[in-house]
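Only heavy atoms go into these numbers, but all of them, side chains included; no hydrogens, no water, no symmetry mates.
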Amino acid sequence: MPTEARPGTGEQAKQHALAQLRQAILHGEMAPAQRLVENELAEQFGVTRASIRAALIDLEAQGLVERIRNRGSRVRVVTVEEAVAITECRMVLEGLCAAKAAVAASDEQLAELTELGTAMTKAVADGEPVTYSELNQELHAKVREFSGQRTAVDLLERLNAQLVRHRFQLALRPGRPQQSLSEHLVMIEAIRARDPQAAETAVRAHLTSVIEALRD
């Protein structure tokens with residue numbers, strides 16, 4: 001069977017380039033301040049320069065790329081102060097989602113959160129910060145999903161995408177996973193207890209701790 005060709009032009013090509021570029025930035029394959037050369041990216045992804053340019057405009061709107069006058073595009077550099085400001089916004093939205101999840105989550109979904117807490121505890125005990133970081137992100141994603149608050153979820157996906165680098169660096173900082181774990185377990189317990197106020201308070205306490213760690 002012939003290999004399926006990658007889209008070269010049009011909206012499909014832009015979406016292909018957009019998905020590939022976004023994934024590369026979020027997975028750290030493209031570093032902050034790395035130049036994004038349209039010709040090279042068009043050849044790499046098998047699309048036109050116009051498709052790459054359109055994808056870069058979308059990524060700029062998402063806060064992942066910045067365009068510099070007369071110099072083209074690069075992966076956006078998020079400063080510590082910007083990361084703090086983003087986390088302050090997360091505090092409100094994640095707190096809302098946790099409160100909603102405490103009310104709306106099914107018993108099966110609460111069991112999922114418990115299992116994630118167990119897996120996070122094991123990752124810390126085994127000294128696996130990267131695994132812990134991945135589970136941490138999964139936990140937050142589950143809480144957002146279980147909240148049913150679609151608007152907050154959409155806003156948080158955009159905000160969280162801009163914090164990938166800082167989040168990974170925090171996960172590797174000695175002692176940070178242990179502190180973070182205890183905060184997450186309190187959050188899980190509050191949601192399992194179906195106590196929305198306690199769940200929101202736990203999230204705010206956790207993200208206050210994140211802000212303090214970012215500023216260290």
In terms of heavy-atom contacts, Leu96 and Ala152 come closest through CD2-CB, 4.3 Å
- Query: Side-chain donor-acceptor pair under 3.5 Å between Arg35 and Ser73, yes or no?
  - Reply: no
> Are Ile211 and Leu181 connected, step by step, through hydrophobic side chains (Ile, Leu, Val, Met, Phe, Trp, Tyr) whose heavy atoms are closer than 4.5 Å?
Replying inline: yes
Closest non-hydrogen atoms of Ala123 and Leu135, given as atom of the first, atom of the second and distance, are CB-CD1, 4.2 Å
Is it the case that one hydrophobic cluster holds both Leu163 and Met30, taking links as side-chain heavy atoms less than 4.5 Å apart, direct or via other members? no
One should read off an interatomic distance between Lys142 NZ and Ser147 OG, to the nearest 0.5 angstrom, of 13.0 Å
**Message:** Any donor-acceptor pair under 3.5 Å linking the side-chain atoms of Ser51 with those of Thr48?
**Reply:** yes
| If you count the non-hydrogen atoms of other residues, nucleotides and ligands that lie under 6.0 Å from CD in Gln137, is the total more than 12? | yes
How about Val153 and Arg150: do any of their side-chain heavy atoms sit closer than 4.5 Å?
yes
Separation between CG (Asn39) and CZ (Arg49), nearest 0.5 Å, reads 4.5 Å
* To do: Using modelled atom types only, decide if a donor and an acceptor are shared between the side chain of Ser209 and the backbone of Ala205 within a distance under 3.5 Å.
  => no
Discussion item. Test salt bridge (charged side-chain N to carboxylate O under 4.0 Å, His left out) on Glu183 and Arg176; report intermediate values, then the result.
Written reply: CA-CA 11 Å; Glu183 295 161 0; Arg176 179 61 200 167; 3.6 Å; yes
### Message
Could you check whether any side-chain N or O of His184 sits under 3.5 Å from a backbone N or O of His206, counting only pairs where one atom can act as donor and the other as acceptor?
### Response
no
Taken to the nearest 0.5 Å, the spacing of Arg53 CZ from Leu36 CG works out to 13.5 Å
| query | Does a donor on one side chain and an acceptor on the other come within less than 3.5 Å for Thr87 and Arg167? | reply | no
Original post:
Just by distance, do the side chain of Arg144 and the backbone of Gln149 share a donor-acceptor pair under 3.5 Å?
Top reply: no
Note: Gly117 and Ile188 closest approach over all heavy atoms is CA-CD1, 3.7 Å
salt_bridge(Arg194, Asp107) N-O dist < 4.0 Å:
yes
Charged N to carboxylate O below 4.0 Å: is that the case for Asp154 and Arg158?
no
d(Thr79 OG1, Leu214 CG) to nearest 0.5 Å is 10.5 Å
Between Met91 and Val203 the two heavy atoms that sit nearest each other are O-CG1, 4.5 Å
Quiz item: Do you reckon Val124 sits in the same ILVMFWY cluster as Leu116, going by side-chain contacts under 4.5 Å, direct or chained?
Solution: yes
Separation between CG (Leu93) and CG (Leu159), nearest 0.5 Å, reads 6.5 Å
Item checked: Glu115 bridged to Lys122 by N-O distance under 4.0 Å -> no
Margin query: Hydrophobic cluster membership, with links at side-chain heavy-atom distances under 4.5 Å among I/L/V/M/F/W/Y: are Leu110 and Phe146 in one?
Written below: yes
- Task: Determine whether Leu156 and Leu113 fall in the same hydrophobic cluster, where Ile, Leu, Val, Met, Phe, Trp and Tyr are linked whenever their side-chain heavy atoms lie under 4.5 Å apart.
- Result: no
Subject >> Note: Arg22-Asp58 ion pair, threshold 4.0 Å (strictly below) >> reply: no
Note, Arg165 side chain near Val77 side chain (heavy atom, < 4.5 Å)
no
To the nearest 0.5 Å, atom NE2 of His140 lies from atom CG of Asn160 at 8.5 Å
**Request:** Could you tell me whether Arg76 and Glu82 make a salt bridge, using a distance below 4.0 angstrom between a side-chain N and a carboxylate O?
**Result:** yes
Tightest non-hydrogen contact, residues Lys14 and Ala55, listed as CG-N, 3.7 Å
Handout entry: Side-chain (Gln20) to main-chain (Ala17) donor-acceptor, under 3.5 angstrom
Key = no
Checking Leu185, Thr131, Leu139 against Met120 for side-chain contact (heavy atoms from CB on, under 4.5 Å), the one that qualifies is Leu139
Tightest non-hydrogen contact, residues Ser180 and Tyr132, listed as OG-OH, 2.7 Å
Check: For residues Gln44 and Glu40, is any side-chain donor paired with an opposing acceptor at under 3.5 Å?
Finding: no
Are Glu94 and Arg204 within salt-bridge range, i.e. N to O under 4.0 Å?
no
